[in-house]
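I have placed the structure first, in the form of structure tokens, so that the comments after it can refer back to it.
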Amino acid sequence: MAAAGTGPTIKMNGSTVTEFVFLDFSGSRTAQLFLLTLVITCYTTVLVGNLLIIVTVWLEPKLFQCPMYYFLANLSLLDISMGSVAAPKLAANLVNKGGTISFVGCMAQIMTGHFFAGGEMFLLSVMAYDRYVAICHPLRYATIMNRQCCFHLIIFCWTGGFIHGSFNVVVLSQQPYCGPNVLDHFFCEIPQVMKLSCSETYIAEILMLISDGLIILPCFLSLLVSYVIILATLCGRFGKGGIKALSTCGSHLMVVGLYYGPIGFVYFKPASGNQVDKMAAVFYMVVTPALNPLIYTLRNKEVKGAMGKLKNKGY
């Protein structure tokens with residue numbers, strides 16, 4: 001097993017690196033087999049749990065016509081996509097005690113990862129706005145959050161994520177990579193790939209910091225403002241309706257916390273390439289997408305009720 005920070009390199013003598021080498025996780029083989037089991041279990045949950053939510057929302061007209069569940073189905077689709085970016089490759093690397101990825105494959109992994117991550121950030125903000133309108137402007141909710149508006153918001157989320165991922169890949173791919181080519185990680189992540197560039201990366205880092213800031217800061221502020229207003233509104237409602245609204249918001253806040261916490265830990269500190277960084281990345285790439293369907297189904301009576309109806313109908 002290769003130790004962290006060491007491993008095979010390709011001396012290119014100034015030529016272009018054609019592939020990157022992943023280092024395996026340090027630790028005993030037992031620990032790696034435990035991690036492999038965790039990854040396979042979580043990825044299976046990602047696929048089954050999120051597909052179940054998508055099918056339930058699609059087949060239950062009452063849920064499909066509700067903006068909150070329409071957004072939830074899209075969140076599940078993003079979770080499946082996000083989980084599929086790294087989990088299969090990670091499982092293969094754990095079995096093989098390491099692995100490689102082509103330069104093009106690495107750029108594609110970064111593109112898709114930031115595409116889906118950016119789309120999910122936008123969508124979580126849209127879902128917070130939906131809860132704000134539903135709780136603070138209930139009489140105008142149906143008019144404001146009509147189907148056309150919901151569709152345009154979804155297009156905005158996916159388009160914004162695509163632009164974010166494309167911009168980062170364009171900037172990153174312009175950097176020269178002459179060797180070494182070893183990534184102390186289990187998938188291509190910008191801080192680790194940037195460290196392998198054989199030229200000055202200051203301008204590229206600033207550009208990607210601006211790109212990330214233009215998404216993370218507005219999305220986080222919109223979430224903060226939405227929930228400050230929501231909580232202030234709910235302070236005067238302690239009846240059944242207020243408790244139900246608070247429960248719905250609680251599920252969303254749990255998902256937001258699980259999503260932003262590990263990403264902030266990895267991206268807003270210097271890249272160290274240690275095992276803690278890797279485990280944080282495993283959490284937001286694999287574990288969080290698996291927890292989201294559990295959070296929404298276990299805490300939401302309407303979703304559980306709709307699943308029960310579909311089961312009774314023989315789906």
Side-chain angles (χ1 to χ4, degrees), residues 39-88 91 111-131 134 145-162 164-165 219 247-259 283-315:
V39 171
I40 293 174
T41 302
C42 286
Y43 187 53
T44 302
T45 305
V46 168
L47 296 178
V48 175
N50 286 294
L51 278 173
L52 185 58
I53 288 178
I54 293 172
V55 171
T56 300
V57 173
W58 182 265
L59 294 178
E60 180 57 48
K62 182 180 178 181
L63 296 185
F64 187 72
Q65 294 301 321
C66 178
M68 181 174 70
Y69 297 109
Y70 181 68
F71 295 140
L72 177 58
N74 276 272
L75 179 65
S76 292
L77 181 57
L78 281 168
D79 279 338
I80 291 174
S81 304
M82 188 74 174
S84 299
V85 170
M111 163 65 193
T112 53
H114 283 262
F115 171 20
F116 300 131
E120 190 152 336
M121 285 188 185
F122 283 125
L123 184 56
L124 289 173
S125 297
V126 166
M127 293 174 75
Y129 174 71
D130 172 70
R131 292 299 83 207
M145 301 302 295
N146 57 64
R147 183 42 57 105
Q148 185 178 20
C149 175
C150 293
F151 178 75
H152 288 160
L153 287 172
I154 290 299
I155 293 299
F156 168 78
C157 293
W158 286 87
T159 302
F162 179 79
H164 174 62
C219 287
S247 175
T248 302
C249 293
S251 298
H252 186 242
L253 285 173
M254 288 176 65
V255 171
V256 169
L258 288 170
Y259 186 76
F283 196 87
Y284 77 77
M285 290 293 292
V286 182
V287 179
T288 297
L291 291 176
N292 287 354
L294 297 177
I295 291 172
Y296 277 108
T297 54
L298 293 177
R299 292 175 57 90
N300 193 296
K301 292 182 180 180
E302 289 183 303
V303 173
K304 289 191 292 185
M307 289 180 177
K309 289 180 182 179
L310 294 179
K311 182 180 179 180
N312 293 334
K313 291 178 180 179
Y315 284 105

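Every value quoted in this text rests on a predicted model; they were computed, and no experiment measured them.
In this structure, the side chains of Ile53 and Asn292 stay at 4.5 Å or more apart for every pair of heavy atoms.
Closest heavy-atom contact between Val46 and Val286: CG2-O, 3.8 Å. Among all heavy-atom pairs drawn from Cys150 and Met145, the shortest one is SG-O, 3.8 Å. Here the closest heavy-atom approach between residue Leu124 and residue Val255 is recorded as CD2-CG1, 3.9 Å. Closest heavy-atom contact between Pro67 and Asp130: CB-OD1, 3.6 Å. Pairing each heavy atom of Val39 with each of Ala87, the nearest pair is CG1-O, 3.9 Å. Looking at every heavy atom in both residues, Met285 comes nearest to Ala86 through CE-CB, 3.7 Å.
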Would you please test Leu72 and Leu63 for side chain to side chain contact (heavy atoms under 4.5 Å, CB included) and show each step? CA-CA 10 Å; Leu72 177 58; Leu63 296 185; over 6 Å; no
Side chain to side chain contact (heavy atoms under 4.5 Å, CB included), that's the test. Do Leu78 and Asn74 meet it? Break it down for me. CA-CA 6 Å; Leu78 281 168; Asn74 276 272; 5.6 Å; no
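Rounding to the nearest 0.5 Å places CG of Leu123 at 5.0 Å from CD1 of Ile154. Separation of atoms CE (Met254) and CG (Leu294) is listed at 10.0 Å; rounding is to 0.5 Å. The structure places CZ of Phe122 at 13.5 Å from CH2 of Trp158, a figure rounded to the nearest 0.5 Å. How far CZ of Phe162 is from CE of Met111: 4.5 Å, rounded to the nearest 0.5 Å. Taken from CD in Glu120 to CG in Leu77, the straight-line distance is 10.5 Å, to the nearest 0.5 Å. Note that OG1 of Thr288 is 8.0 Å distant from CD1 of Ile295, once rounded to the nearest 0.5 Å.
When the side-chain contact (heavy atoms from CB on, under 4.5 Å) test is applied to Ser81, the partners found at least two apart in sequence or on another chain are Phe116. With sequence neighbours excluded, the residues forming a side-chain contact (heavy atoms from CB on, under 4.5 Å) with Ala73 are Val57, listed by chain and number. Here Cys66 pairs with Met68, Tyr69 under the side-chain contact (heavy atoms from CB on, under 4.5 Å) rule; sequence neighbours left out. Here Thr112 pairs with nothing under the side chain to side chain donor-acceptor pair (under 3.5 Å) rule; sequence neighbours left out. Tyr43 is linked by a side chain to side chain donor-acceptor pair (under 3.5 Å) to Ser84, counting only residues two or more places apart in sequence or in another chain. With sequence neighbours left out, the ring-ring contact (aromatic ring centres under 6.0 Å, His included) criterion links Phe151 to no other residue. By the side-chain contact (heavy atoms from CB on, under 4.5 Å) test, Leu52 is found to be paired with Thr56, Met307, residues two or more places apart in sequence or in another chain being considered.
The aromatic rings of His114 and His164 lie tilted to each other, with the angle between the two planes from 30° to 60°.
Sequence neighbours left out, not one pair with a member in residues 145-154 passes side chain to side chain donor-acceptor pair (under 3.5 Å). Pairs of residues two or more places apart, or lying in two chains, that qualify as side chain to side chain donor-acceptor pair (under 3.5 Å) and include a residue from residues 44-54 are Asn50-Ser76.
The number of heavy atoms from other shown groups lying within 6.0 Å of CZ (Phe64) is above 12.
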